[in-house]
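Position 1 is the first residue of the sequence; numbering continues from there. Only a predicted model underlies this, so the values are computations on that prediction, with no experimental measurement involved.
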Amino acid sequence: MSIEITSLADIVRRHAAERPQTAALVHNGRTTSYAELDRAASRVVNGLVADGIKPQARVAHLDKSSDIFFELLFGVAKANAVMVSVNWRLAAPEVLHIVNDAKAEILFVGEEFFPVVEKIRDQLATVRKIVAFGARHLAWESFDTWRDRNPDTDPLLPAKPTDTAVQFYTSGTTGLPKGAELTNANFAWMLPLWTRTWLLAPGVPNLVCLPMFHIGGAGWGIAGLFSGATNHVMREFVPVEILQTVEREKLQVMLLVPAMILFLVQTPQIRETDLSSLRLIVYGAAPIPADLLRQAMGIFPCGFQQVYGLTETTGA
């Protein structure tokens, strides 16, 4: 019997049961199957519980995109806690505001952002533990060590549709960024409706290249995983690398902002790149000049779909 998806955690549970060997994530030469992602998320939830994370507690993430983000996201979901991914482009005082405003209890930080956190460490009001991605840090435990000492059995903790799943900070209004809370029900309503329109389906090669602190990045990755797609996660948007990935992995679907489309069509290598696998480019987050759209439609042999949304509306 298929697992009904009523929370973010159910996404990995369902696909681990239905398509365990299908590749869920591809990042930096590393492929993670749905079964492996589910087990990694279970190790994460057990680590969080061991560290005293209670339901609806906030867990913060400060790093660029990776497959590890989704291990953490679904582990947090299994704990019925709330993921807060912090904008890594912000200065240290702005990072401090978000982590303190969210009342995050654990902070996971990537090597590139150690200096930022070191500047604000003594001012973090609620953070009890810092875990480091990448290089070793003298004071903070490494993520691999922290995760891998925990069992990979799913504790199956309860979560209600009305419970908050993620908290994105948005500067769509004046003043300091404000946390927009998205519930399990928000995602459960949106994902079945839109993923079919976006041609996301089991095994479909999908590009995830927007940052994880943005609904367009994390939300698009969640949509791909909800659909059972194979999601190619890029750490950053580098046009040549994107084109190489399209050709090598036969990507079919991607979400881009207009500036990314502009950079791609201006990249000389696009003239030699095999783009024939592409079926759909979804774009949004900013207006697109008509001339750029016409140029892109002449280059990419696929459909284009414009989306409009807000962080507060779970994206599109």
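- A pairwise comparison of heavy atoms in Ala165 and Leu8 identifies CB-CD1, 3.8 Å as the closest pair.
- Put simply, CG on Leu199 and CZ on Arg279 are 4.5 Å apart, with the number rounded to the nearest 0.5 Å.
- Using modelled atom types and a 3.5 Å distance limit, the side chains of Asp163 and Asn184 yield no donor-acceptor pair.
- The closest donor-acceptor contact from the side chain of Glu241 to the backbone of Val238 lies at 3.5 Å or more, if one exists at all.
- Considering only heavy atoms from C-beta on, Phe74 stays 4.5 Å or farther from Val44 through its side chain.
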- Query: So Val233 and Phe70, side-chain contact (heavy atoms from CB on, under 4.5 Å) or not? Walk me through it.
  - Reply: CA-CA 10 Å; Val233 182; Phe70 291 100; 4.0 Å; yes
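- Put simply, CD1 on Ile288 and OH on Tyr283 are 5.5 Å apart, with the number rounded to the nearest 0.5 Å.
- Checked by atom type and distance alone, the side chain of His27 never pairs as donor or acceptor with a backbone atom of His232 at under 3.5 Å.
- Following chains of ILVMFWY side-chain contacts shorter than 4.5 Å, one cannot reach Val49 starting from Val82, and the two form parts of different hydrophobic clusters.
- Taking the side chain as every heavy atom from C-beta outward, Val131 and Val109 never approach each other to under 4.5 Å.
- For the pair Leu73 and Val166, the minimum side-chain heavy-atom distance is below 4.5 Å.
- A donor-acceptor pair shorter than 3.5 Å cannot be found between the side chains of Asn231 and Trp220.
- Heavy atoms of other residues, nucleotides or ligands lying less than 6.0 angstrom from CZ of Phe263 number 12 at most.
- With hydrophobic clusters built from ILVMFWY side chains whose heavy atoms lie under 4.5 angstrom apart, Val265 shares a cluster with Leu207.
- Between Thr126 and Val99, the closest side-chain pair of non-hydrogen atoms is not below 4.5 Å.
- Among residues two or more places apart in sequence or in another chain, the salt bridge (Lys or Arg N to Asp or Glu O under 4.0 Å) test is passed with Arg149 by Glu141.
- Contact between Pro258 and Pro287 at its shortest, heavy atoms only, is CG-O, 3.6 Å.
- Exactly one of Thr170, Ile98, Asn87 qualifies for a side chain to side chain contact (heavy atoms under 4.5 Å, CB included) with Phe213. That residue is Asn87.
- Here the side chain of Ser227 pairs no donor or acceptor atom with the backbone of Pro202 at under 3.5 angstrom.
- Considering only heavy atoms from C-beta on, Phe114 comes within 4.5 Å of Trp140 through its side chain.
- Note on Ile222 and Trp194: same hydrophobic cluster, where clusters join Ile, Leu, Val, Met, Phe, Trp and Tyr whose side-chain heavy atoms are under 4.5 Å apart, directly or indirectly.
- In this structure, Asp154 does not pair ionically with Arg39, as no charged nitrogen and carboxylate oxygen lie closer than 4.0 Å.
- Note that CD of Glu249 and CG of Asn206 are 12.5 Å apart. Values are rounded to the nearest 0.5 Å.
- Judged by distance alone, with hydrogens and angles left aside, the side-chain atoms of Thr267 form no donor-acceptor pair with the main-chain N or O of Ile270 at under 3.5 Å.
- Between the side chains of Asp144 and Ser142, not a single donor N or O lies within less than 3.5 Å of an accepting N or O.
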- Passes side-chain contact (heavy atoms from CB on, under 4.5 Å), Thr197 versus Val282? Steps please. CA-CA 10 Å; Thr197 303; Val282 181; over 6 Å; no
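- With hydrogens and angles disregarded, a donor-acceptor distance shorter than 3.5 Å links the side chain of Asn186 to the backbone of Thr183.
- Atom CD1 in Ile120 sits 11.0 Å away from atom CD in Glu94 (nearest 0.5 Å).
- A pairwise comparison of heavy atoms in Glu312 and Leu182 identifies O-CD2, 3.8 Å as the closest pair.
- The backbone N or O of Gly309 lies less than 3.5 Å from no partner atom in the side chain of Thr313, so there is not a single donor-acceptor pair.
- Rounded to the nearest 0.5 angstrom, Leu200 CG and Gln252 CD are separated by 9.5 Å.
- Using modelled atom types and a 3.5 Å distance limit, the side chains of Lys78 and Ser42 yield a donor-acceptor pair.
- His97 is listed as a side-chain neighbour of Pro177, based on a closest heavy-atom distance under 4.5 Å.
- Contact of the Pro155 side chain with the Asn46 side chain is registered, since non-hydrogen atoms from C-beta on lie closer than 4.5 Å.
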Check residues 58-68 and write down every donor-acceptor pair under 3.5 Å in which the side-chain atom is one partner and the other belongs to a residue at least two apart or another chain.
unit_1, atom_1, unit_2, atom_2, d
Arg58, NE, Gln167, OE1, 3.0
Arg58, NH1, Gln56, O, 2.7
Arg58, NH2, Gln167, OE1, 2.9
Arg58, NH2, Glu181, OE1, 3.0
His61, ND1, Ser85, OG, 2.9
Asp63, OD1, Arg235, NH2, 3.3
Lys64, NZ, Glu112, OE2, 2.9
Lys64, NZ, Glu236, OE1, 3.0
Lys64, NZ, Glu236, OE2, 3.3
Ser66, OG, Ile68, N, 3.1
Ser66, OG, Phe69, N, 3.4
Asp67, OD1, Arg30, NH2, 2.8
Asp67, OD2, Arg30, NE, 2.7
Asp67, OD2, Arg30, NH2, 3.2

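- Judged by distance alone, the side chain of Lys54 and the main-chain N or O of Gly52 form no donor-acceptor pair under 3.5 Å.
- Val26 and Leu251 are not part of a single hydrophobic cluster, where members link through side-chain heavy atoms under 4.5 Å apart.
- For Phe108 and Trp146, the distance between ring centers is under 6.0 angstrom.
- Under the 4.5 Å side-chain heavy-atom criterion for grouping Ile, Leu, Val, Met, Phe, Trp and Tyr, Leu72 is connected to Ile215 within one hydrophobic cluster.
- For Phe168 and His214, the distance between ring centers is not under 6.0 angstrom.
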- For Ile106 and Val127, run side-chain contact (heavy atoms from CB on, under 4.5 Å): C-alpha distance rounded to whole Å, both residues' side-chain angles, the deciding distance at 0.1 Å, then the answer. CA-CA 5 Å; Ile106 299 182; Val127 171; over 6 Å; no
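- Scanning both residues, Leu243 and Gln269, for their nearest heavy atoms gives CD1-C, 4.2 Å.
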- Message: Let's go through Ile299 and Gln295 carefully: what are the C-alpha distance in whole Å and the side-chain angles of both, what is the deciding distance for side-chain contact (heavy atoms from CB on, under 4.5 Å) to 0.1 Å, and is it a yes or a no?
- Response: CA-CA 7 Å; Ile299 292 172; Gln295 183 184 7; 4.1 Å; yes
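- Counting non-hydrogen atoms of neighbouring residues, nucleotides and ligands closer than 6.0 angstrom, the NZ atom of Lys250 exceeds 12 such neighbours.
- Dense packing is recorded around CZ of Arg121, with more than 12 heavy atoms of other residues, nucleotides or ligands lying under 6.0 Å away.
- Considering every non-hydrogen atom in both Ile53 and Ala81, the closest pair reads CG2-CB, 3.8 Å.
- A donor-acceptor pair under 3.5 Å is absent between the side-chain atoms of Thr32 and the main chain of Ala24, judged by distance alone.
- Pairs engaging residues 98-111 under the side-chain hydrogen bond (donor to acceptor under 3.5 Å, both in side chains) rule: Asp101-Tyr169, Glu105-Arg128 [sequence neighbours left out].
- Within the 4.5 Å cutoff, no side-chain heavy atoms of Leu255 are placed close to those of Trp198.
- Separating the CE atom in Met297 from the CD1 atom in Ile261 is a distance of 10.5 Å, to the nearest 0.5 Å.
- The heavy-atom pair separating Ala9 from Ala77 by the smallest distance is N-CB, 3.7 Å.
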